[in-house]
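Okay, so here's the structure we're looking at.
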Amino acid sequence: MSFAPRSQELFEEHLTSIRQTTSRMFGWLMLAQYVGAIVWAKLATPLTWAGTQSSTHPHVVTAIVLGGLIAIPTFLLTVFKPSAPVTPWVVSVCQMLFSALLIEVSGGRIETHFHVFGSLAFLAFYRDWRLLVPATLVVVVDHFVRGIYSPVTVYGISSGAQFRFLEHSAWVLFEDVFLTISCLRGRSDMKVTAQRQFELESKNAELNAANELATIANLAKTTFLSRTSHELRTPMNAILGFGQLLGMTDLDEKQRDSLSYIMKGGQHLLGLINDVLDISKIEAGALGLTLEPVNVNLVLTAVANLTKPDADQKGVGLSIEEEGELIVLADRQRLIQSIFNLVTNSIKFNKPGGSVWLRCIPVGSENVEISVEDTGEGISEADKAKLFVPFERLDADAKGIEGTGLGLVLTKTHLEAMDGKIFVESEVGKGTCFRVLMRQYRADDPCAADPAA
Amino acid sequence: MTGRPTLVVVLHSQCPCSLATVSNIQALPPAVLQSMRIQFVVSGPDARTSGVVENASLVPGATTESVTENEALRQFGAQTSGQSFLYDSAGQLVFSGGLTDSRGHEGPSLGIQAILDCVAGRPCQPSLPVFGCAVQTPGAPK
């Protein structure tokens, strides 16, 4: 496995963190051991007697003085320099010295030797097998020296202990083997983790860079569309304007037919340009809205007037159902555009002889529902999910129905920008109903315009 | 001192090691306990009422005697608490030493093994070190 410099850095960071945490744990363990040794000595052998005279037992003195000399500096080091490279080595030596001290204070109890094994296992928390070396040396040397000069303090017996250090050392080495394997495997796992983290970081950086590029590209596209749409709309308005002027002149039937194609194509193109311009504005966050009290009844009437010629042409009945005068807080032009889009779709996707209903009703005291219901072919569940996707036209192209695939996208975006919501209910073969929920205008809304205007 | 072997155990009334010695004697097989006379000789402060005396009195068939440190030293030459003397049925000293392997350590020991061997008539260790408090007060007149 190739190990990148960053992976090495992450690995070292992890090791430092482990060193810090483990050293701190050892620091508190040192204190606990120190207190424990003193309490033990005081309870087990508080006094030594010579006839009628008593004095503090040497075990108590050893626990207090030698224990303090070992524990306190180690504790301070682990508190103030927990991540220093030297700290684990000091901990390693001092922890095993404390094992020796506890064995001494316990009068060489064999059970106390388990402290040695526990300490070695704890040292393996550092994931550094080298720390086991000084620890083991301390144990071996201590057992060897005391085995010769004071066997009763380490083995609890006074004789025949000169070579027991070999047996004890062998068991310590036995444990060292497994702890070394454990440390090496731990480090290996840490390296794998570091490598994976590095790869993850690299991928994230790549994704961020790609995302940044995509954002820049999208902004450029939006700017381009916005500018191009402006540039296209000006000549298109000229074409349509002069086309209208041309229509006022004496033209024969063939010329009038040709002009109607120009006008129809031009208006379609102008609608497309306007939609694209709107989308661009939305994407650029430049969609300007002027919220004001808007009379919904007037909006529905205006939309009905605008769409009636198309409805008549297709033989679709168009009717308005209202429940009193309802005022909502909205951008008048955008609300008309949104409802117009919905009604236009209801007519386009309807069948001859079908119907479209425009309704507005109050919903509680807070909201107004505007609905556009038709008797068209309906929309399947699968297609409903695609309704508000830009340029998604479902099967309109196959049916020869004109449009850009932007109308519903703009409608939803405009309505949501006006704090409104849009819902769709549909049943294939029966028809579709779009419901728009808008906030009802209240007298305390900060809008001065006349709703009836 | 005829008929049965006699085990004399000198104890310091306050020495924690004394309790380990008494426990080791208590743990001897009943047949061995019955086969010998056991006498605890206790010196030190509160020699009549200490926990050591209380424990020693629980050993079946044992007698306890409170003495001064000088008497312990004079009668038996005992220097250290826990020092035990086993006399055979003829009154000969066959073992002298401690019955624990170190300070305050209960359990099997070379001293206990020596007692078992001596009582059974097997060759036994004649002497062993003693772990315990000093019987004699430093500087006290002997």
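Every chain is numbered from 1 and lettered A, B, ... according to where its sequence line falls, protein lines coming before strand lines.
Looking at every heavy atom in both residues, T52(A) comes nearest to T137(B) through N-OG1, 2.8 Å. C133(B) and T48(A) make their closest contact through SG-OG1, 4.2 Å (heavy atoms, listed as atom of the first residue, atom of the second, distance). Nearest heavy atoms, D101(B) versus V152(A): O-CG2, 4.1 Å.
Only the backbone of S106(A) comes within less than 4.5 Å of a heavy atom of chain B; no side-chain atom from C-beta onward does.
Going from atom CD of Q14(B) over to atom CD of Q53(A) covers 14.0 Å, rounded to the nearest 0.5 Å.
Atom CZ of R48(B) is surrounded by 12 or fewer heavy atoms from other residues, nucleotides or ligands within 6.0 Å. Annotation for E12(A): atom CD counts as buried by contact number, over 12 foreign heavy atoms lying within 6.0 Å.
The closest side-chain heavy-atom distance from P45(B) to W49(A) is below 4.5 Å.
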